[in-house]
Each structure stands twice: as C-alpha cells, then as structure tokens.
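See below for the structure under consideration.
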Amino acid sequence: MTVLVVDDDPDILDLTSTFLEREKDGFSVITHADPTDAIEQVDQVDVDAIVSDYDMPSLNGLEFLEAIREDYKNIPFILFTGKGSEDIASEAISKGVTDYLEKQTGPEQYALLANRISNAVEQYHASETLKRSQQKFSKVVRNSTDVLGIVDKKGEFKYISPACENTLGYKQEELIGECAFDYMPPDDRQEAMNEFFAAIENPDRGPTVEFRFEDPDGGWTIVEARGENLFDDEFINGFVVNARDIGELKQRERELEQQNEQLQNMRKMLSHDLRSPVSVASESLFLYRDTENEKWLEKTETAVQRMDEILDKVATLSIDDTSITDTETVELRDIVSSVWDTIQTKGAQLHIQDSKKFEADPSRLKQIFENLIRNAIEHSTGEVIIKVGTTNEGIYVEDTGPGIAEDEHDDVFDSGYTTDPANTGFGLSIVKEIVVGHGWEISLIEGENGGARFEIDNIVFQPAVYN
C-alpha cells in the first residue's frame, strides 16, 4: 500500500513514516510538508491512502480534504491531528473524511493508525472492485441482445435488462412486478411453469425452455430461456433467466428441414421415375443382342431419351415451386402412346378411347401417365385393361384392377402412402403435384368395373377433337 502522509512538522513526518513502515511490511510511505505539493503528488502517484494533519499554514486538513475530494471521491483520507474537537470532527465527516484520529503520545498510536489505514484501504479496494464489476456487468447487460431477468418464486419479474424492449417489445418498467407466465399461451405456460417449479424444488436443476411471449401488439416472440435457481445467493435471491429471441433461428431450421425434405423428395422422384425407362432400356438391349431385331434397339433409344428428359427436368425443378410454365400443345394419344413404349406392360392392355389437344408440359405430363399406368399394373395380380380418354372437363385413366377402398381415396395422394411395402409410395404424390402445377384438379373414384378411375379436371381443350 502506498500511503501519503502530510504534516507541516518534519519531525512528526519522520516519526509517522518510520512507525508505519515498521508496523506494516507492505506499507510504502510518501511524505509532504506542504498540502499544496501533496495534491500534485496524488495526481502523479497511485496513492492508496492519505494521512493528514489538521493545522497547517497553507491549507488546513479540511481544506486539503476538500481539494482531494474534487477529483478522488473515495480514496481513504484519515485526519490525524493533535488539534481535535467535536466541531472539526463533525465538519470532517460532512466533507467525506474516511476516519478521524487524534494524535497521542507513545508508539501505540501508530499501531492504531496503521490498522485504521489497512482497514480503510481494504474496504476501498473492495468497493472499487465491486464498482468496476458492476460497471462491466451493466455495460454487458445494456449491450447484450439477450434478455437477463430475475423472477421471484411466483414468477414475477424483480429485474429485467434493457434488452427486453428490443426483444420482447416492453420497457423495463412495464415488466417489473409482472408475472412472466401471464404473457405465455396456455400450452406453453404449463410446460414453462412445470420446469420452473421443478427447478425451485431442486436448485441443481437448470432448465432450458422454449415458449412464445406475447408482444404489445398481440403477436408472439419465440423465446428460448435458460434458468438457474439462485435464491440462496444473498445478492440475487431469485431465479435468474437468460432469454433470447429464436424466431429467426426457428425459421431457418424450418427452411433447412424443408430443403432437406425437398432433396429427399427429389431423390425419391428421380429413383421412381427412372426405374421404368432404365428397366425397359436394359431388357430391350438384351433382346436386341439376342435377336438383332431393330424394334428392340428403337425401344432402347426411346427409353434413353426418356431418361434424358427426366434428368433435364430434375436439374431445374424445385419441389416447392409446383408452377408449370414451359408448356406447348400436346395430343393425348401421342403422349400416352409414347409413355406406353417406356413401361414394362407385363401383358396389360391399353385402350385409348379418344383424344384431344390441350396445353401442357410434355415431359411432366408423361410423368403423370407413367405413374398412373404403372400404378395400375403393379397393383393388379392378373391381366389388367387400362383405358384413357377425355371427359367434358378433362381426361381420365381407368383400370380393371382391384381398385382402392373408398376411405383411402384422399390418402393415396400423400407422399409415402402405399399399400405395397415394395413401393416408395411416392408416385401418386408426384402426379398430384404436376396436376396442381398445371392448374388442374385430380380426384379418385371407383371405375365402371370396380377398378380405380383417376379424373383430371379443369383442362381447356382445343376445339378440334380426334377419335
């Protein structure tokens, strides 16, 4: 500790300095006979405490104290004087003296003075450390985007940091004394209360809870809060909550989940749609090598072209963008016939009842018929007849297979729905997506012979009709 001793008597200065350094090994004593010079010394040296006489010619002890307090509000200042009185002591206290001690005879007084200095400096350092910590804490809290709150055992705010205005929409004074649970919807409130009261009973429990917090406009802020039971802490005596707005994070998570689902759907769609032309190409190529019949080579080429079309579409397709913009005039008979050539028909028969022209994306329209025709073949155990034709509102695909239970007519279009574990359950969801993308509607009803009949409506046909 660096102690500055000020006294106009050189002998007293020498004695005080010598005894203080003997009493405390850690003391480093600086002496000054003139308080005016001493003020400059305080500005130049990091002084821990000041000991001053009262009766001095240039400035008395109280005037010296007053000058010091202009710049150093809390530095320990001990008035050590031989001219003691109640009036001087009272005025010294009013001016902010740390301690007041009258000079006595004998070395014992210096032991007392040394102890007074040590105690004052320790309190001063502790106070300064606490002040810096509070300033640092205040700065951190003031500039943090997280909300720091302290609630009592009823969940009422005893303190909440200024960040609440930006994060929750309320000023500090609007939330102090309010119950945090009152701002949550019932479902979220129950879970938050369960975690809170469990942590009250078990202080070692540090829950993390996600909930919605109502803002002043009636909207909801999605909040993640981490809590800690500090009721045993004498300074805090409450439940500390650190909360942050995770709305953007949740939105990002949903976007990532959607993107992952889209990628998964894309993979399934690619696998599903390529399966048939790959199989046709492979088996047709085998037959061509075995028979050298050009018919099988042509089928192989057709299947490969179909694979190219699918891959081109997948390269530019976004699952969440179902709009169809690349359309041209198509002939129903041509599309269906082309699809039939790329499917393993397994003895199935195709009857095209009639044909009309309309606007569509040819490649995506082929996907519709590929999936509907393949669906009819794969779900039939024997020979199946597939009919394709038009109605006043659109087109239909009907088969003579076992059909689909009426209570499942809406479910079949859900992604992953299937009655056959060997299938992906993805084909009819692709059909619906493409239909909706064209601005059409699709429905499933029972066929004339008990099979499945898919009707696609809202198609605008060109005037010419071909039978």
Side-chain angles (χ1 to χ4, degrees), residues 265 268-280 282-284 299 303 306 310 332-333 335-356 364-438 440-459:
N265 288 347
K268 289 180 179 180
M269 185 179 71
L270 186 60
S271 173
H272 183 279
D273 289 353
L274 285 177
R275 182 177 57 182
S276 185
V278 166
S279 179
V280 169
S282 176
E283 294 176 13
S284 296
K299 275 190 170 288
R306 180 58 187 145
I310 293 172
L332 178 61
R333 186 187 306 276
I335 293 291
V336 175
S337 298
S338 175
V339 168
W340 188 257
D341 288 337
T342 61
I343 291 180
Q344 292 176 303
T345 57
K346 299 180 182 180
Q349 297 182 33
L350 174 66
H351 295 174
I352 300 178
Q353 304 297 99
D354 61 86
S355 180
K356 292 180 182 179
R364 303 304 298 279
L365 186 59
K366 286 179 182 179
Q367 283 182 277
I368 292 177
F369 286 108
E370 284 172 354
N371 290 346
L372 291 179
I373 292 173
R374 188 162 54 227
N375 186 72
I377 294 172
E378 290 178 350
H379 288 84
S380 299
T381 55
E383 185 176 291
V384 61
I385 297 174
I386 301 170
K387 298 178 181 179
V388 178
T390 66
T391 65
N392 291 334
E393 297 294 329
I395 56 181
Y396 68 87
V397 177
E398 181 178 343
D399 63 62
T400 58
I404 300 173
E406 185 175 354
D407 60 355
E408 298 178 7
H409 282 188
D410 292 331
D411 297 334
V412 297
F413 297 107
D414 294 338
S415 180
Y417 178 87
T418 180
T419 57
D420 185 354
N423 291 331
T424 64
F426 203 64
L428 293 181
S429 67
I430 294 175
V431 169
K432 183 173 182 179
E433 178 190 328
I434 298 171
V435 166
V436 171
H438 279 86
W440 306 332
E441 295 179 357
I442 187 169
S443 60
L444 168 61
I445 61 174
E446 184 176 336
E448 185 178 343
N449 297 312
R453 178 182 172 101
F454 293 90
E455 294 187 346
I456 301 175
D457 297 327
N458 289 345
I459 296 177

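Heavy atoms only: backbone and side chains are in, while hydrogens, waters and symmetry mates are out. Predicted model, so just to flag it, every value in this text is computed and none were measured. One-based numbering along the sequence shown.
Atom NE2 of residue His438 and atom CD1 of residue Ile456 lie 9.5 Å apart, to the nearest 0.5 angstrom. The distance from atom CD of Gln349 to atom OG1 of Thr400, rounded to the nearest 0.5 Å, is 8.5 Å. Here the CG-CZ distance, from Leu372 to Phe454, works out to 6.0 Å after rounding to the nearest 0.5 Å. Taking CH2 from Trp440 and CD1 from Ile459, the interatomic distance works out to 4.5 Å, rounded to the nearest 0.5 Å.
Remark: Ser279 pairs with Glu283, Gln344 by the side chain to side chain donor-acceptor pair (under 3.5 Å) rule, at least two apart or across chains. Under the side chain to side chain donor-acceptor pair (under 3.5 Å) criterion, Thr390 pairs with Asp354, sequence neighbours left out. Evaluation of the salt bridge (Lys or Arg N to Asp or Glu O under 4.0 Å) rule for Asp457 yields no partner, not counting sequence neighbours. Residues forming a salt bridge (Lys or Arg N to Asp or Glu O under 4.0 Å) with Glu455 (at least two apart in sequence, or on another chain): Arg453. In this view, Asp399 and Ala376, Val384, Ile386, Ala452 satisfy the side chain to side chain contact (heavy atoms under 4.5 Å, CB included) rule, not counting sequence neighbours.
Within the 4.5 Å cutoff, side-chain heavy atoms of Val388 are placed close to those of Leu332.
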Residue pair Gln353, Tyr396: steps toward the side chain to side chain contact (heavy atoms under 4.5 Å, CB included) verdict: CA-CA 10 Å; Gln353 304 297 99; Tyr396 68 87; 3.1 Å; yes
Pair Glu433, Gln367 - check side chain to side chain contact (heavy atoms under 4.5 Å, CB included), show working. CA-CA 11 Å; Glu433 178 190 328; Gln367 283 182 277; over 6 Å; no
For the pair Phe369 and Ile395, evaluate side chain to side chain contact (heavy atoms under 4.5 Å, CB included) and give the outcome as yes or no after the intermediate values. CA-CA 11 Å; Phe369 286 108; Ile395 56 181; 3.6 Å; yes
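Listed here is the closest heavy atom pair of Val280 and Ala303: CG1-CB, 4.1 Å. Contact record, Gly401 with Ser380: CA-OG, 3.5 Å, taken as the closest heavy-atom pair. When all heavy atoms are compared, the tightest approach of Lys432 to Ile442 is CG-CG2, 4.1 Å. Shortest non-hydrogen contact noted between Lys356 and Thr391 is NZ-O, 3.8 Å. Smallest separation of non-hydrogen atoms from Ala348 and Trp340: O-CZ2, 3.4 Å. Of all non-hydrogen atoms in Ile404 and His409, the two that sit nearest each other are O-NE2, 3.0 Å.
With a 6.0 Å radius and a threshold of 12 heavy atoms from other residues, nucleotides or ligands, Asp410 has its CG atom at or below the threshold. Other residues, nucleotides and ligands place more than 12 heavy atoms under 6.0 Å from the NZ atom of Lys299.
When atom types are taken as modelled, the side chain of Ser282 and the backbone of Val278 share no donor-acceptor pair closer than 3.5 angstrom.
Sorted by first and then second residue, the salt bridge (Lys or Arg N to Asp or Glu O under 4.0 Å) pairs involving residues 383-397 (not counting sequence neighbours) form an empty list.
Results of the side chain to side chain contact (heavy atoms under 4.5 Å, CB included) test with Ile368 over Ile335, Val435, Val339 single out Val435 as the only residue that passes.
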